[in-house]
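Here's the structure, in structure tokens; my notes come after.
Proteins get letters first, then strands, A, B, ... in listed order; numbering begins at 1 in each.
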2 protein chains.
Amino acid sequence: MTKAPEKNRIRRKDRILNAAEALFAKHGFEGVSMRMVADSAEVDLALASYHFGSKRGLFDAVLLRRAEVLNDLRLAALEKCQAEAGGNGPSVEAIIDAFLHPLLGEGLQADEGWLHYFELIAQVNSSYEWGGQLMTKYFDPLVRKFMEALKAALPDAEPQDFYWCYHFLSGALTLTMAHTGRIDQLSDGAVKSEDMVGAYERMVPFMAAGFKKMCEKG
Amino acid sequence: MTKAPEKNRIRRKDRILNAAEALFAKHGFEGVSMRMVADSAEVDLALASYHFGSKRGLFDAVLLRRAEVLNDLRLAALEKCQAEAGGNGPSVEAIIDAFLHPLLGEGLQADEGWLHYFELIAQVNSSYEWGGQLMTKYFDPLVRKFMEALKAALPDAEPQDFYWCYHFLSGALTLTMAHTGRIDQLSDGAVKSEDMVGAYERMVPFMAAGFKKMCEKG
DNA sequence: GATTAAATTCAACGTTTGTTGAAATGTCAA
DNA sequence: TTGACATTTCAACAAACGTTGAATTTAATC
């Protein structure tokens, strides 16, 4: 009898998910082969197909695994900021803060697996092939709740202005999570693209100012 | 003698570039095969390897082809706004306008090839694998000129604030050029992700407000 | 311990991949 | 027309690809 046999079995499946998560984040769906995943997870080639049916099934499993956890965390952040606000509802700053904090705050950022997941989401979100479909599938209900809260804080906003503003916020967040290292080079090392807290602290007032400029009267 | 034989020869090379440009933009480097390119360009498979050496060589040629043209256009836009400004130099709004107008204005947006190129750039910019290296190689000198102009318009900016602000602008622009269709779905059709003029008109004041909020005293 | 099902390994399959050498065709100058 | 060179085609290569059926091992139940 080996040590902790059952745990060892379960671990294989998760090792495959972890390896696939990291590899898909770096090289994209087509840039990763099942053999790369199997080698990285130190597992037989056929095992990934056995557990997930196909390469696409593995990809979906990677995306799905953390989606619900993340949505719950972000929903809790939204509800907390709404509970703390007075009867007029939370400010634009508070909503954007709740939108970004679970992603860029110190909690999940300390976990290597979550970092890979965020990189993967960034890649998916800006891909023509997957961007529209997959993001909608996994994150639409939550995003719509944030947008409702923002609309309440910006009652005079024109729909087109409002949606473009959200799009700008989404784009800035996406590139930030992608960790391409470009900001490091442009700033000659003055800014580290891994400094998510620095990005987070600046993104909140920056985006709030943009929203107000475009979506408030006067 | 066939009609215009020499032009026919040249056209093959460009047909390959056009087909590769569109395909790489949609499916990424690894998602495209040389056979897909050859079929789409209606050209023999071996011809692409003959003209560009390798698949990677073809990819680089696609990126390089329009890079210089684009950089010249954007530099002209910057110099024009600087010439029109008084002795204090152009405003933040004017610089951001010059930064965005060649990309999102009606000029190049009317050309299908340029649209594919912008989608490709968006994909490259947010990819971990290529993002840092390739964007730096092709666009760094120009971007640095815009950043110098912005620094002059925001003399009190802290470097970290300033570079993160530029990063947010870059991210919003990148997602806008990617045409993922996500904004269409989130807005239930109220916003079309192809409406680059609508995005452009809103991005200028939005980003200028963010820059000022973060990089001006008081 | 025997039985059953799940997990894992092994070996191989039929495709598709990027690339290349040789042959054929086209172009242009002398 | 001849010769020289660039272009295009054809056929094929070895390698890598995702997937699968059969055999083996492991885990849990009786």
Side-chain angles (χ1 to χ4, degrees), chain A residues 1-65 120 129-130 134, chain B residues 1-65 120 124 127 129-130 134:
Chain A
M1 314 202 179
T2 58
K3 253 199 267 183
E6 188 195 347
K7 283 195 177 176
N8 217 341
R9 199 203 312 168
I10 293 178
R11 263 192 217 148
R12 303 264 187 128
K13 206 169 165 178
D14 274 323
R15 278 221 310 272
I16 294 172
L17 284 171
N18 291 337
E21 187 173 58
L23 287 169
F24 284 139
K26 302 294 184 197
H27 312 110
F29 178 76
E30 320 265 9
V32 174
S33 72
M34 297 294 267
R35 284 166 178 83
M36 289 167 68
V37 174
D39 287 352
S40 171
E42 294 181 292
V43 144
D44 186 86
L45 164 63
L47 199 55
S49 290
Y50 169 76
H51 277 301
F52 303 101
S54 66
K55 183 183 175 184
R56 178 58 199 264
L58 171 59
F59 188 74
D60 284 339
V62 167
L63 252 63
L64 185 59
R65 177 169 62 152
L120 178 58
E129 203 153 28
W130 316 91
L134 286 185
Chain B
M1 312 201 178
T2 58
K3 252 198 268 183
E6 188 193 349
K7 284 194 177 177
N8 217 341
R9 198 200 315 165
I10 293 179
R11 261 191 216 149
R12 303 262 186 133
K13 206 168 166 179
D14 273 323
R15 279 222 309 273
I16 295 172
L17 284 171
N18 291 339
E21 188 173 57
L23 287 168
F24 283 139
K26 301 294 183 198
H27 312 111
F29 179 76
E30 320 265 9
V32 174
S33 72
M34 297 294 270
R35 282 166 179 83
M36 290 166 68
V37 174
D39 288 352
S40 171
E42 296 181 291
V43 142
D44 187 87
L45 164 63
L47 199 55
S49 289
Y50 168 76
H51 278 301
F52 304 101
S54 66
K55 183 182 175 185
R56 178 56 199 263
L58 171 59
F59 188 74
D60 284 339
V62 168
L63 252 62
L64 185 58
R65 177 170 61 149
L120 178 58
V124 168
S127 130
E129 204 155 27
W130 317 90
L134 286 185

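- The shortest distance between side-chain heavy atoms of A:Leu17 and A:Phe52 falls below 4.5 Å.
- A distance of 12.5 Å separates CE in B:Met36 from NZ in B:Lys26, rounded to the nearest 0.5 Å.
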Could you walk me through whether A:Arg65 and A:Asp14 satisfy the side chain to side chain contact (heavy atoms under 4.5 Å, CB included) test, starting with their C-alpha distance in whole Å, then the side-chain angles of each, then the deciding distance to 0.1 Å, before giving a yes or no? CA-CA 10 Å; A:Arg65 177 169 62 152; A:Asp14 274 323; 3.6 Å; yes

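- The two residues A:Ala25 and A:Leu120 have their closest heavy-atom pair at CB-N, 3.8 Å.
- Rounded to whole angstrom, the span from the CZ atom of A:Arg11 across to the C1' atom of C:dT8 amounts to 17 Å.
- When the C1' atom of C:dT17 is taken as reference, atom CZ of B:Arg56 falls 18 Å away, rounded to whole Å.
- Atom OH in A:Tyr50 sits 9.0 Å away from atom NZ in A:Lys13 (nearest 0.5 Å).
- Applying the 4.0 Å criterion to OP1 and OP2 of C:dT9, one finds that A:Arg12 has a side-chain N or O inside that range.
- Using a 4.5 Å heavy-atom threshold, the side chains of B:Asp60 and B:Arg56 count as touching.
- Near DNA chain C, defined here as any heavy-atom distance below 4.0 Å, the residues from residues 27-50 of chain A are A:Asp44, A:Ala46, A:Leu47, A:Tyr50, listed numerically.
- Scanning both residues, B:Met34 and B:Ala48, for their nearest heavy atoms gives CE-CB, 3.9 Å.
- Atom CG of B:Leu58 and atom C1' of C:dT19 are 14 Å apart (whole Å).
- The interatomic distance linking B:Arg15 (CZ) with D:dT7 (P) rounds to 15 Å, in whole Å.
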How does DNA chain D read in dot-bracket, base by base from 5' to 3', with Watson-Crick or G-U pairs under 3.5 Å and | used when the partner is on another strand? ||||||||||||||||||||||||||||||

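- Note on A:His51: a side-chain N or O is less than 4.0 Å away from OP1 or OP2 of C:dT8.
- Ring geometry, B:Phe29 versus B:Phe59: the interplanar angle exceeds 60°, so the pair is classed perpendicular (tilted spans 30 to 60°).
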